[in-house]
Amino acid sequence: MAMFLKNRRFVLASAVAGSLLSPMAAGAATLNVMQTEAPRSMDPGDQTATYTAALLDPMYEGLTKRDPDLSLKPALATEWSSDAAGLVWTFKLRPGVKFHDGTPFDADAVVKNFARHLDTKRGLAASGRLRTFLEGVTAVDPMTVQFKLKTQYPAFLALLATGPCLMVSPAAETAGTIGSKAVGTGPYKLAEYKSGEYVLQTKNIEWWGGAPKGEDEINWTWTPEPSVMNMALQTGDADVVNPFPAAFAQQIKANPDMTLSATDGSAVFWVSLNTKMKPLDDVRVRQALNYATDREGIVKAFMQGFATPANSPLAPVTPGYDKSLAPYSYDVEKAKQLLKEAGYPDGFSMSTIVQEQESRIGELLQAMWAKAGIKLEVRKMEGGVWSKAAFLDPAGKEKDTIGSSIASWSSGVNGADLQFRPLYHSKSASPAGANLGFFSDPKLDELIDKAASTLDEKARNAIYVDAQKLVNEQAPHVLLFTKQDLFATRAGVKGTWVIPGGLIIVKDARK
């Protein structure tokens with residue numbers, strides 16, 4: 001069971017969710033935000049998790065930013081231009097900006113930020129997004145930087161507003177503390193981070209943008225327990241809950257003291273199959289798993305209808321998405337036939353790893369796949385433990401007999417390349433990227449690379465249609481659903497919005 005103390009200075013969850021106790025400054029107006037998982041890192045360039053990105057957003061900025069209408073606007077850069085070929089980009093930097101540790105933001109800081117990602121020895125989690133197309137960054141003068149691209153990349157400006165391109169203090173990076181102590185340029189700075197319990201952020205009174213619009217403090221807590229999240233919002237111990245559990249969504253919609261936001265999302269949920277492990281190295285077995293999956297049933301049971309069964313590796317909101325695809329119906333007999341052809345007439349056994357908050361998906365698949373003779377072992381893990389296991393190399397997964405991983409991925413509004421490349425390109429095989437099943441197909445690699453450098457949108461989207469068909473045919477994933485972005489607030493909370501995929505923006509929120 002869960003218990004909450006209704007006191008604006010404390011939030012306490014039961015042992016089910018872990019301790020969520022955090023101190024607030026006396027008299028401070030605090031926005032309390034609860035999410036489903038703990039932050040992976042305080043370094044935006046060393047993590048790729050949506051909910052970590054949401055927590056880090058108030059503290060970090062890039063050269064560009066997203067506005068609530070999802071358009072790109074200047075942030076730490078005031079203007080930019082490119083040569084005729086689109087390969088050399090010049091940015092003028094915003095003057096008078098300082099990092100939270102007092103060190104200056106200038107061209108040298110930008111160069112150092114990108115150099116760490118181009119250094120293959122560093123192994124930062126988000127670096128792969130940049131190395132594909134970025135050749136180098138140089139300082140033209142103290143407030144001007146120049147980017148040289150290896151190839152044209154239509155999503156370049158959009159990528160500059162995301163994790164690997166958010167500016168961290170070079171001093172904190174050199175000291176080796178950035179992973180546990182955030183130091184950016186944003187309107188909020190880190191006050192306290194108690195691992196496993198909470199993150200407290202306070203206003204940056206020296207922010208270049210003037211007085212921050214939000215509350216004095218933002219307090220972040222987390223729990224994988226849907227009932228705990230619902231209770232926290234009901235009692236007022238949380239002002240914002242993200243993502244809000246679908247099981248309680250209709251209840252919140254009917255409550256005038258709360259507001260539910262439900263918008264089209266970009267996060268695609270899937271099961272990544274270990275293509276280096278038998279029998280998952282056989283495409284017929286992978287296709288059988290797709291036929292054995294009742295996507296409509298999962299959407300109804302796990303998301304209460306707040307999702308769309310997946311027919312593609314892309315979400316419907318992503319440019320290039322092909323709504324006409326219909327590769328896998330729910331057909332247990334077809335699954336059995338394919339398994340028989342592959343030499344497994346009696347089925348086989350495999351394992352999957354899943355984070356606690358999504359363990360219900362594993363249980364549903366376990367029951368579905370059993371009808372085709374597939375025995376699925378579901379291993380539930382806390383987020384940090386899951387991440388380490390999911391990003392093991394082939395030898396590590398072979399040793400731990402990890403046959404698959406249940407997860408999701410969102411490219412937000414940043415284009416299809418950031419969905420295809422991390423998940424399906426050969427060079428993105430974990431631990432280098434999020435290709436967790438080590439899938440490799442030269443033809444798909446060629447399509448991904450070609451699309452990424454195609455400036456004409458119509459031609460680029462046509463390439464992505466071919467890529468979607470190939471992924472569906474080769475079935476490196478069991479595609480599950482694209483969920484709606486659900487978050488809920490107390491009725492008085494204003495100024496909160498979400499980037500498709502679930503990245504909630506709260507830095508301007510007031511209550």
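Side-chain atoms are counted along with the backbone in the values below, which use heavy atoms only and exclude waters and symmetry mates.
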Backbone of [Y] reached by a side-chain donor or acceptor of [X] within 3.5 Å:
X: N113; Y: A109; answer: yes
X: K511; Y: T30; answer: yes
X: T221; Y: M34; answer: no
X: D264; Y: P316; answer: no
X: N435; Y: K427; answer: no
X: Y60; Y: V183; answer: yes
X: S272; Y: G437; answer: yes
X: S428; Y: Y424; answer: no
X: D239; Y: R490; answer: no
X: W270; Y: V268; answer: yes

Can you see which heavy atom on [X] is nearest to which on [Y], and at what distance?
X: Q357; Y: E37; answer: NE2-OE1, 3.3 Å
X: F105; Y: R94; answer: CD2-O, 4.2 Å
X: D106; Y: P142; answer: CB-O, 3.5 Å
X: S404; Y: L273; answer: CB-CD2, 4.0 Å
X: A158; Y: T162; answer: O-CG2, 3.6 Å
X: N242; Y: M229; answer: O-CE, 3.9 Å

Atom pair [atom1] ([X]) and [atom2] ([Y]), whose distance is rounded to the nearest 0.5 Å:
X: L166; Y: L56; atom1: CG; atom2: CG; result: 8.0 Å
X: T496; Y: F487; atom1: OG1; atom2: CZ; result: 6.0 Å
X: I402; Y: L392; atom1: CD1; atom2: CG; result: 5.0 Å
X: K189; Y: K181; atom1: NZ; atom2: NZ; result: 9.0 Å
X: I218; Y: M59; atom1: CD1; atom2: CE; result: 9.0 Å
X: D216; Y: T202; atom1: CG; atom2: OG1; result: 9.5 Å

F481 and F302 aromatic ring geometry - parallel, tilted or perpendicular at 30°/60° bounds: tilted

Which one of [options] satisfies the side chain to side chain contact (heavy atoms under 4.5 Å, CB included) criterion with [X]?
X: L365; options: V378, V354, I406; value: I406
X: C165; options: L76, L130, V110; value: L130
X: W220; options: L200, N32, V506; value: V506

With side-chain contact (heavy atoms from CB on, under 4.5 Å) as the test, would you mind laying out the steps for S127 and R122 before giving the verdict? CA-CA 9 Å; S127 297; R122 287 298 308 274; 5.8 Å; no

Do [X] and [Y] have side-chain heavy atoms sitting under 4.5 Å apart?
X: T263; Y: W497; result: no
X: Y198; Y: E192; result: yes
X: V199; Y: W222; result: yes
X: Q250; Y: Q304; result: no
X: L55; Y: M42; result: yes
X: L134; Y: Y153; result: no
X: S411; Y: T318; result: yes
X: F248; Y: Q234; result: no

Does one side chain, of [X] or [Y], offer a donor that lies under 3.5 Å from an acceptor on the other?
X: S41; Y: D46; answer: no
X: T401; Y: R379; answer: yes
X: T90; Y: Q146; answer: yes
X: W208; Y: E61; answer: yes
X: S266; Y: S410; answer: yes

Ion pair check, R116 and E173, cut-off under 4.0 Å: yes

Over 12 foreign heavy atoms within 6.0 Å of NZ, K150: yes

Check the surroundings of atom CD in E135: do more than 12 heavy atoms from other residues, nucleotides or ligands lie under 6.0 Å from it? yes

With F147, which of W89, W80, F114 fulfils ring-ring contact (aromatic ring centres under 6.0 Å, His included)? F114

Can you pull the side chain to side chain donor-acceptor pair (under 3.5 Å) pairs that have at least one residue in residues 65-76, sequence neighbours excluded? R66-N414, D69-S71, S71-K73

Give the intermediate values and the outcome of side-chain contact (heavy atoms from CB on, under 4.5 Å) for residues K397 and L436. CA-CA 10 Å; K397 287 188 175 174; L436 305 181; 3.7 Å; yes

Go through M231 and T235 one step at a time and tell me if the side-chain contact (heavy atoms from CB on, under 4.5 Å) criterion holds. CA-CA 6 Å; M231 182 66 72; T235 61; 3.8 Å; yes

Go through the steps to decide whether E363 and K380 satisfy the test salt bridge (Lys or Arg N to Asp or Glu O under 4.0 Å), and finish with yes or no. CA-CA 10 Å; E363 294 166 356; K380 305 173 188 179; 2.9 Å; yes

Using the side-chain contact (heavy atoms from CB on, under 4.5 Å) rule, take D57 and Y188 through it: C-alpha gap first, then chi angles, then the decisive distance, then the call. CA-CA 9 Å; D57 175 75; Y188 285 81; over 6 Å; no

